[in-house]
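Note that ligands are numbered from 1 as they come in the structure, with each ligand's atoms numbered from 1 the same way. Everything numeric in this text was worked out from a predicted model, so none of it was measured.
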Amino acid sequence: MTTEETVDGSGNRFVIVGHGMAGARLAAELAARLGDAKITILGAELHRAYNRIMLSSLLAGKVDEAGVELAEAAGHGIDVRPGVAVTAVDRANRTVTTGQGDLIGYDHLVLATGGQALVPPLSGLDRERLPDRVAVFRTLDDCRRILAAAAGARRALVLGGGLLGLEAARGLAARGLDVHVVHPVGHLMERQLDPTAGAVLARTLGGLGVTTHLDVAATAVDAQPDGVALTLSDGRVLDADLLVLSCGVRPDTALARAAGLAVDRGVVVDDRLRTSDRHISAIGDCAQHAGTVTGLVAPAWEQARVLAQLLAGHDPRARYRPQPPVTRLKAAGIDLAAMGDAAAGPAPDVEELSFSDPVRGTYARLRIVGERLTGAIMLGDNPAVGTVIQIFDRGTPVPLDRRTLLLGRSRDAGAPAPVESPALMPDAATVCQCNTVRKGALVACWRAGARSLPEMVAATRATTGCGSCRDAVEGILGWLSSIDTPDPVEAEVAA
Ligand SMILES: Cc1cc2nc3c(=O)[nH]c(=O)nc-3n(C[C@H](O)[C@H](O)[C@H](O)COP(=O)(O)OP(=O)(O)OC[C@H]3O[C@@H](n4cnc5c(N)ncnc54)[C@H](O)[C@@H]3O)c2cc1C
C-alpha cells in the first residue's frame, strides 16, 4: 500500500506536535514503515527528545545528560524542529501555525503534547514564574534547575509523596541533602499502596535520609534569594534551600481544545487513536482512551506502534488495547513494584494475603479473585517479584501454594518461585515492561544472530525505557550464551 492510500485517504505529510517520548517513537515507527513519508516533528522544548523517565536517575547522579538521550531522537530523515511550539491548528485548511509564525500543512496531524506538572495554588507562588529555589520536576530544564539549586544546599523540601516526589526526594538524599517530604494524605503513594505498605516505605525512606510529614497540607510558600519556607496547615513552617513541587501532571490539551476537538481530562481518542477529527490523532500523556489518561511510557509507546501501523496502512485492523500497568519506584535502596487494585481495601470474594517485616523494609500483598491476581504490592526484598509481575501480566492462575509468591519459596518443598530462572520463564513472559518485549522475542533475536546486549537492545528496544529490566535481559543473554547452541529452546527440551 502506498502512502497515498493511508487511513483516512490522506497523503504522506505527517506532522507530529510534541517531540517527547511518544512523538519521537511515532516518528521513528513511521519512518521505518514509510520510506517516502514527509514527517515533521515540532517540539516546544529546546532539546531533542530525551528519556524523561531517566530524569530521576539524572537527579540522583546515576547517569549524566548523555545517559538520558533517546535513540529515536536522531536520524531517519525526519524534519525535527526543537524549540518550535505549535500555537494553532486550522482543521479546515489542515495547517498548523508555529510560534515563529510559520504555516505547515499536513495530511495527518498527531498530537503528542504530553502533560504539564501542576503548580498548586499556594499563597506566594506565581504559577507562570516560579522563584529560583522552587521547581517542578517534569523536563530536563526542571532537572537542571533543581540540580543548580541543590549545589551547595543542605536541606530540600518535596511537596507531594507520590511516585515522582519520592524519586526526587531519594535522588536529592543520595546527593547528601537532608530531605523532607510533605504529603497531604495519610500514607505515601496512596494511588498504588495501602496504608501498611506506605508506612513500611516511609520507614525505609527515613533510613535513607528522607523524613516524611503525612496528612498535612502546605498553605504558603515564602521564597527568598537565600532560602525557601513552606507553611503547613498545622501551623509549622519548614525551611530549606530548595523546594520541589511534585503535585501531579495535567494532560496538555490546550491546542486540541482551541481547535475544537473533543477533550475531557485528555484529548479523547478511540481504539484507533483517532480524535473527533479523523485527520488528527493523539497519543501519549495528552490522550484519553476509554476514560483513562495513563501518564506512563508503556502505553504511550504501544499507542505509537499501533498508530504507525494504521497510518502506514500496514495493518488497518490494528487497535490499541490497554494493558494493566505495573508501577516501579526507581530509587536506590528501595525495591517497589505495585500493580492492579493493590491499594484497594478488603472486599467480599477477594482473597487477601500479606506479609510484613517493617524492620527489614519488606512488605508483600496479593489480591486474588477466582485464582487470578488482580493486584499486588511487592516492597523490599521479595524474591518472587518477577514471578508475581509475570502472573499479573499474563493473567495466569496463581499457584496453589500462595507462599511461593509471598515469600519466594514454599516452606514444605523448599522450591524456588516457579519462573525466576530464565530457563523456566515462559516465552510469553514480558521482560521489558516499557517496550513490551517478551522473552520469546529475545530468544528469537539470539537465533537471528544477536550475541551481545547492545545487539539485543538494537533489535528489540528492551531496556531503553526505565531500564529496570537490564539485569533480566542480561540474565537471559547469559543463559543463552551458556547453552551455546543455535537453538536454545531445543537444547532446553533435550535437557
Ligand atoms: C521524572 C519522571 C520520571 C518518570 N518515570 C516514569 C517511569 O518510571 N515509568 C513510566 O512509565 N513513566 C514515567 N514517567 C512518565 C513518562 O515520562 C511519560 O509517560 C512520557 O514521557 C509520556 O510521553 P509523551 O510524549 O506523551 O509526553 P512528554 O514526554 O511530556 O512529551 C511531550 C512533549 O510535547 C511538547 N509540547 C507540548 N505542547 C506542544 C506544542 N504546542 N508544540 C510543540 N511541542 C509541544 C512538550 O514540550 C514535550 O516536550 C516519568 C516522568 C517523569 C517526569
Which option, [options], owns the non-hydrogen atom nearest [atom]?
atom	options	value
atom 32 (C) of ligand 1	Gly18, Ala282, Ala112	Ala112
atom 18 (C) of ligand 1	Val136, Asp285, Thr294	Asp285
atom 27 (O) of ligand 1	Gly114, Gly99, Ser468	Gly114

Starting from [atom], locate the nearest protein heavy atom and write down its residue, its atom name and how far away it is, to 0.1 Å.
atom	answer
atom 9 (N) of ligand 1	Ile53 CD1, 3.8 Å
atom 41 (N) of ligand 1	Val86 O, 3.0 Å
atom 17 (O) of ligand 1	Arg52 CB, 3.5 Å
atom 39 (C) of ligand 1	Thr113 CG2, 3.8 Å
atom 5 (N) of ligand 1	Lys330 NZ, 2.9 Å
atom 45 (C) of ligand 1	Ala44 CB, 3.7 Å
atom 31 (O) of ligand 1	Gly20 CA, 3.2 Å

List every atom of ligand 1 that sits less than 4.0 Å from any heavy atom of [X], numbering the atoms from 1 in the order shown and giving each element.
X	result
Ala22	23 (O), 24 (P), 25 (O), 26 (O)
Ser56	1 (C), 3 (C)
Val297	10 (C), 11 (O), 12 (N), 19 (O)
Asp252	37 (C), 38 (N)
Glu45	47 (O), 48 (C), 49 (O)
Gly284	26 (O)
Arg138	27 (O), 28 (P), 30 (O), 53 (C)
Gly295	15 (C), 19 (O)

Charged N to carboxylate O below 4.0 Å: is that the case for [X] and [Y]?
X	Y	value
Asp252	Arg250	no
Arg91	Asp277	yes
Asp178	Arg154	no
Arg144	Glu65	yes
Arg319	Glu302	no
Arg257	Asp264	no
Lys330	Glu167	yes

What do you reckon, does Met21 have a nitrogen or oxygen under 3.5 Å from a nitrogen or oxygen of ligand 1?
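Min N/O separation from ligand 1 is below 3.5 Å for Met21.
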Can you check whether Glu167 has an N/O within less than 3.5 Å of an N/O in ligand 1?
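Min N/O separation from ligand 1 is not below 3.5 Å for Glu167.
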How long is the gap from CZ on Arg328 to CD1 on Ile53, to the nearest 0.5 Å?
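Output value for this atom pair is 13.0 Å.
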Would you give the length of the straight line joining atom NE2 of His19 to atom OG1 of Thr40, rounded to the nearest 0.5 angstrom?
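Separation between the atoms: 12.0 Å.
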Side chains of Thr362 and Asp381 only: does a donor on one sit below 3.5 Å from an acceptor on the other?
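Checked: Thr362/Asp381 side chains show no N/O donor-acceptor pair below 3.5 Å.
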Arg52-Tyr50 side chain donor-acceptor pair, cut-off 3.5 Å
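Per modelled atom types, Arg52 and Tyr50 side chains form a pair under 3.5 Å.
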Is Ala85 close enough to touch ligand 1? Criterion: a residue heavy atom under 4.0 Å from a ligand atom.
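It does, in that a heavy atom of Ala85 comes within the 4.0 Å cut-off of ligand 1.
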What part of Leu164, side chain, backbone, both or neither, has a heavy atom within less than 4.0 angstrom of ligand 1?
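The side chain, only.
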Using every non-hydrogen atom in the two residues, find where Leu307 and Ser281 come nearest and quote the distance to one decimal.
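Where Leu307 meets Ser281 most closely, the heavy atoms are CD1-OG, 3.5 Å.
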Can the ring centres of His213 and His183 be said to be less than 6.0 Å apart?
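Centroid distance His213-His183: not below 6.0 Å, so no.
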